[in-house]
2 protein chains.
Amino acid sequence: MGAADGGTSPGLLDRATLGSRVRDYLLVEIANGRLAPGSPVRELDIAKRLGTSQTPVREAFRELAAFGLLEARSHVGTRVREVGERELAEAVPVRAALEAVAARLAAPHVAADPSRLEAALDELVRVATLDDRLAYANACTQFHREVVRSAQNDSLLRAWNALGIEIMTIMTMLTNEEPLDVAAEGHRGIVEALASGDAERSVAIVNAHVAAYIPGATEPPVHVTG
Amino acid sequence: MGAADGGTSPGLLDRATLGSRVRDYLLVEIANGRLAPGSPVRELDIAKRLGTSQTPVREAFRELAAFGLLEARSHVGTRVREVGERELAEAVPVRAALEAVAARLAAPHVAADPSRLEAALDELVRVATLDDRLAYANACTQFHREVVRSAQNDSLLRAWNALGIEIMTIMTMLTNEEPLDVAAEGHRGIVEALASGDAERSVAIVNAHVAAYIPGATEPPVHVTG
DNA sequence: TGCTGCAGGATTATCGATAATCCTTGACGC
DNA sequence: GCGTCAAGGATTATCGATAATCCTGCAGCA
């Protein structure tokens, strides 16, 4: 699965399958409003538009439906579902809880070897200069995934992946005006706290960071810079 | 989903599609141990065995993988997810964090209408008399899923489902000697706490319950914000 | 020995076409 | 007028086959 990988994601380079690319395409179309809520989407339409067969499109539909972005009725049709702020906000406490666990478990590991997380941060900062909000959203997700991965707990990573952070991040970034460089720098405090090995401070900073992602806040999220 | 419906389930009568029937078949095979954890499952094998084509099987695989029951690697193979003791212990803080969020969110809903949860408890107690540890494990999973479902938060339910509690519970129950009636009654306190609407007490009780699930894991439950 | 690279087998990923299903529309009987 | 039912169109569901990818094992070599 690719950029919007929600399931048990293997390596970072597995974004090659057509299904995942179709899903990302649909995700962006939904996020920026070209596919408005309520509008029907037909498998063969999308397939023809993207030059693929029905199969990968079908897979993408299933995945997006599982995340509540599409609504499918068998043999009848599929349409873009109205995804309200409430539904996006629902994920915040769950994400906060998981990333709090992640921070607590990751702190000693990151303190021992912060290189991977620092690399993810560098990449995030680099991508922030490209003025490509989609690319930034993906890098941002990768950074947070790296934090969770640093906890070295497969169950935690699995649960976090299931939240579909990619989707939320893409939706947030594309409907947001926050400058990318500011957003990117907001992650530095997380790295510093984790690298210091202070688990409780890491938890607090991560919680504040996640809470700032609540959608609907059109104001730039207040990033804790540690 | 069908029999072990966990996610955004379609209608109850939608089990006509081949994909859903294949999924249910695999679910049963896993639940009763004919498909043991770690054993590989091949799409074309299952397709041939059930007399279908690869497509519905593939769909079922994807769904069960999202559910945490299967583990797929692109172009390589799929196997029933295996949970070793290490992973079993790893899952405890994650599960504790998620069920703590669940308890906090569910308390008011259960207090308003405890019937569903009480029904799940009744079923659990009933199955406990059958001396069938496998059936008990499934009922137990269903009970805990009902708790999580009571939180009425799709993201939470998705994350919890991804942990693959089914398999963990099955493994635990089959390598355990705890009397079933005692185990079943141990869930009554959860229902009572939730039904009372006392969120914090519910969180505490759920945390204790989850922590007790793993032999030797007496570490203090993780505190979570929420 | 230990390493590199290249078949060959195994498995999934994708394709193009066909079948099954559902909804709509309109005719028909009452 | 109203309910019932039967085509017909639209869409997904499924099929069978082919392509792409990954891993394994072995040969060749330093």
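In the text below, chain A, chain B and the rest are named by the order of the sequence lines, each starting its count at 1.
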**OP:** Just do the side-chain contact (heavy atoms from CB on, under 4.5 Å) check on A:Asp181 and A:Thr129 with the steps written out, would you?
**Re:** CA-CA 7 Å; A:Asp181 50 355; A:Thr129 68; over 6 Å; no
**OP:** Start with the C-alpha gap between B:Glu59 and B:Arg23, add the side-chain angles, then the distance that decides, and say whether salt bridge (Lys or Arg N to Asp or Glu O under 4.0 Å) holds.
**Re:** CA-CA 8 Å; B:Glu59 228 164 272; B:Arg23 181 199 56 214; over 6 Å; no
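Comparing D:dC23, D:dT21, D:dT12 against the side chain of B:His75 picks out D:dT21 as the nearest. Comparing D:dT12, D:dT14, D:dC23 against the side chain of A:Thr78 picks out D:dT12 as the nearest. Closest contact between the side chain of A:Ser53 and the listed nucleotides C:dC15, C:dT12, D:dT12 involves C:dC15. The side chain of B:Leu18 sits closest to D:dT14 out of C:dT12, D:dT14, D:dT11. Of the candidate nucleotides D:dC15, C:dT11, C:dC15, D:dC15 has the atom lying nearest to any side-chain atom of B:Pro56.
OP1 or OP2 of D:dC23 has at least one side-chain nitrogen or oxygen of B:Arg73 nearer than 4.0 Å. Look at B:Ser74 and you'll find a side-chain N or O under 4.0 angstrom from OP1 or OP2 of C:dA13.
Looking at heavy-atom distances under 4.0 Å, A:Arg62 makes contact with sugar-phosphate atoms alone, never a base. Within the nucleic acid shown, B:Arg58 comes within 4.0 Å of at least one base atom, counting heavy atoms only. Residue A:Val41 is in sugar-phosphate contact alone, with no base atom involved, counting any heavy-atom pair closer than 4.0 Å across all strands shown.
Distance, A:Leu44 CG to C:dA17 P: 11 Å, rounded to whole Å. Per the geometry, CZ belonging to A:Arg23 stands 15 Å off C1' belonging to C:dA13, to the nearest Å. Atom-to-atom, CD of A:Glu43 to P of C:dA19 comes out at 18 Å; the value is rounded to the nearest Å. Regarding A:Glu71, its CD atom lies at a distance of 16 Å from the C1' atom of D:dT11, rounded to whole Å. One interatomic measurement links the two molecules: NZ of B:Lys48 to P of D:dT14, which rounds to 21 Å at whole-angstrom precision.
A:Glu118 CD to A:Asp113 CG: the interatomic distance, rounded to the nearest 0.5 Å, is 8.5 Å.
The base of C:dA13 does not come close enough to the side chain of A:Glu59 for any donor and acceptor atom to sit less than 3.5 Å apart.
B:Arg133 places a side-chain N or O within 3.5 Å of a backbone atom of B:Met173 that can act as its donor or acceptor partner.
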